[in-house]
Trainee: 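Please read through the structure below; I'll follow up with questions.
Just follow the structure's listing: the first ligand is 1, and inside any ligand the first atom is 1.
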Amino acid sequence: MQTKIKTNGLIIKQQNIGEQDRLVTILTRDVGVIRAFVRQGKNIKSKNCAPTGLLCYSELKLYKGRQDYYTVESATLIDMFSGLKKELSRLSLAEYFCEIAATVAPTEQEAEEHLRLLLNALFLLSKGDVSELLIKSAVEMRLASISGYMPDLLMCPRCGAYEKDEMYFLLSGQLFCKDCFEKSPFPYGEKLSKSLTLALRHLVFAEDKKLFSFTLSEESLKKLSYITENYLSKKVEKEFATLQFYKTISS
Ligand SMILES: [Zn+2]
């Protein structure tokens, strides 16, 4: 018995199998993260080769056999974000986004929000007019938030303060005002200026279409990026190899 599925998906990992075939991991709109076999996927003469390459977004016809993996019956390319290949730092950052998605996105259930976020991020990264650190922070914090790791940024949990000149973010996901933080037993928190507090809230609460539209000084953006990557890494208990590579490239 075969289940047939028609969906759209982004290829987030690609492995070669033997001479001609390919195994891909896909972030799909309808069934989340899946692994699928592409017969003749490595053969450049095959029509399924180009649309199942890494970072390609394609319309897919899949079937699921008796075992727990899928086979790509046919694939049609929608976008390949060709601007990513213009700079190695963009490409390596895109691969980091894929590794995060592979880690946190659901499997065997719809993942439209995850997919849309990744596509928007790759589109901006590919165009190259938005800062890489801004896109990186937004993807890290938003993917964490929609995958069950939303931090509690509404107010200081002790006194209810919403906004202070100085607040402290704990990597466990809590936000304290300065006074309460200093009286708390927590040894370490990231000091946030007012603009950083607002930026962090923006990443969690902004509408999808406004997510990447904010400005911050270069220095604050570096700090935001430091906070979001450490928050995500701590929550999912993982060091991302692709992030280390991106840092090597971009430094
Ligand atoms: Zn407080």
Trainee: Sorted by first residue and then second, give each ring-ring contact (aromatic ring centres under 6.0 Å, His included) pair with at least one member in residues 204-236; sequence neighbours left out.
Mentor: F169-Y231, H202-F214
Trainee: Among the protein atoms near the Zn ion (ligand 1), how many are N, O or S and lie under 2.8 Å away?
Mentor: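 Step by step: take the Zn ion (ligand 1), keep protein N, O, S below 2.8 Å, and you get 4.
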Trainee: Verify the cluster assignment for V139 and V130: are they in a single hydrophobic cluster under the rule of side-chain heavy atoms below 4.5 Å apart?
Mentor: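 The answer is yes; both residues are in one hydrophobic cluster.
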Trainee: Centroid-to-centroid, F186 to F181, below 6.0 Å?
Mentor: no
Trainee: For E59, what residues pass the salt bridge (Lys or Arg N to Asp or Glu O under 4.0 Å) criterion, not counting sequence neighbours?
Mentor: none
Trainee: With Y57, which residues qualify under ring pair (Phe, Tyr, Trp, His ring centres under 6.0 Å), at least two apart?
Mentor: none
Trainee: Please confirm whether R201 makes a cation-pi placement over Y162, using NZ or CZ under 6.0 Å from the six-membered ring centre and within 45° of the ring normal.
Mentor: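 Pair R201/Y162 counts as cation-pi.
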